[in-house]
Amino acid sequence: MKMNDKCPVCNQIFELEVGFYYGTAYVSYALTVALSVTSFVAWWVLIGMSVNDNRFFWWLGFNIILLIVLQPYLMRLSRAIWLSFFVRYNTNWEAEKPEDPEIDEIKVND
């Protein structure tokens with residue numbers, strides 16, 4: 001569940017500020033809704049739905065187990081998506097190092 005503090009390749013800081021990843025709840029919610037809708041459509045096409053039996057409840061159980069198993073992956077993916085909203089990919093990352101907010105703050109205070 002723990003993420004690196006910095007990228008091991010380019011040294012980009014992953015937590016830009018305290019509480020930065022609170023917004024990932026929205027991204028994670030969107031991912032789980034999309035995954036649930038996808039599994040529902042797949043279940044409907046492959047197995048079918050009917051009001052005469054319990055297929056909906058079987059899908060519901062399957063979906064709950066699927067989301068629990070995929071939770072660590074969805075958490076990491078949502079963090080990566082959230083980070084990509086605020087940190088753009090730099091094609092010249094080898095020559096241009098990312099800014100370190102702690103060092104910039106020390107320079108301002110001196």
Side-chain angles (χ1 to χ4, degrees):
M1 295 286 204
K2 181 159 174 25
M3 288 184 62
N4 294 333
D5 294 330
K6 291 184 177 185
C7 175
V9 177
C10 69
N11 290 328
Q12 171 65 48
I13 296 174
F14 286 151
E15 189 162 352
L16 302 180
E17 61 186 31
V18 177
F20 175 70
Y21 286 112
Y22 286 140
T24 60
Y26 300 108
V27 177
S28 180
Y29 178 74
L31 288 174
T32 56
V33 167
L35 187 63
S36 295
V37 168
T38 303
S39 72
F40 181 79
V41 170
W43 189 279
W44 192 345
V45 169
L46 297 174
I47 296 174
M49 289 288 178
S50 173
V51 294
N52 299 327
D53 56 15
N54 293 329
R55 290 185 215 172
F56 175 76
F57 297 108
W58 280 103
W59 166 78
L60 196 59
F62 167 77
N63 193 50
I64 290 169
I65 291 171
L66 180 70
L67 292 177
I68 289 172
V69 168
L70 292 179
Q71 190 275 333
Y73 302 106
L74 291 172
M75 180 196 71
R76 290 231 175 184
L77 181 60
S78 65
R79 284 185 172 191
I81 292 171
W82 185 252
L83 185 63
S84 72
F85 288 147
F86 299 96
V87 178
R88 299 289 176 222
Y89 178 73
N90 184 0
T91 55
N92 196 15
W93 63 269
E94 291 176 342
E96 299 173 13
K97 297 299 178 191
E99 297 175 10
D100 191 351
E102 293 175 5
I103 292 175
D104 293 340
E105 184 178 310
I106 292 171
K107 289 179 185 176
V108 170
N109 292 336
D110 286 341

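Positions are given from 1, in the same order as the sequence printed here.
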Task: Nearest atoms (heavy-atom pairs only) where Ser28 meets Ser78 - done: N-CB, 3.8 Å

- [ ] Provide the full list of side-chain hydrogen bond (donor to acceptor under 3.5 Å, both in side chains) pairs with a residue in residues 40-54, sequence neighbours left out, each pair given once.
- [x] Asp53-Arg55

Open item on the list: If hydrophobic clusters are built from ILVMFWY residues whose side chains come within less than 4.5 Å, do Tyr73 and Trp82 share one?
Closed with: yes

Open item on the list: Among residues at least two apart in sequence or on other chains, which ones pass side chain to side chain contact (heavy atoms under 4.5 Å, CB included) with Leu67?
Closed with: Thr32, Leu35, Ser36, Asn63, Leu74

Task: Shared hydrophobic cluster for Ile65 and Met75 (ILVMFWY, side-chain gaps under 4.5 Å) - done: no

Task: Interatomic distance, Trp59 atom CH2 to Ile47 atom CD1 [nearest 0.5 angstrom] - done: 12.0 Å

Task: Same apolar cluster (I L V M F W Y, side chains within < 4.5 Å links), Val37/Leu70 - done: no

Open item on the list: Just so I know, are the side chains of Leu83 and Thr24 near enough to count as touching, which here means a heavy-atom distance under 4.5 Å?
Closed with: no

Open item on the list: If hydrophobic clusters are built from ILVMFWY residues whose side chains come within less than 4.5 Å, do Leu66 and Val41 share one?
Closed with: no

Open item on the list: Which heavy atom of Phe62 sits nearest to which heavy atom of Ser39, and what is that distance?
Closed with: CE2-CB, 4.3 Å

Task: Any side-chain heavy-atom pair of Phe56 and Phe40 under 4.5 Å - done: yes

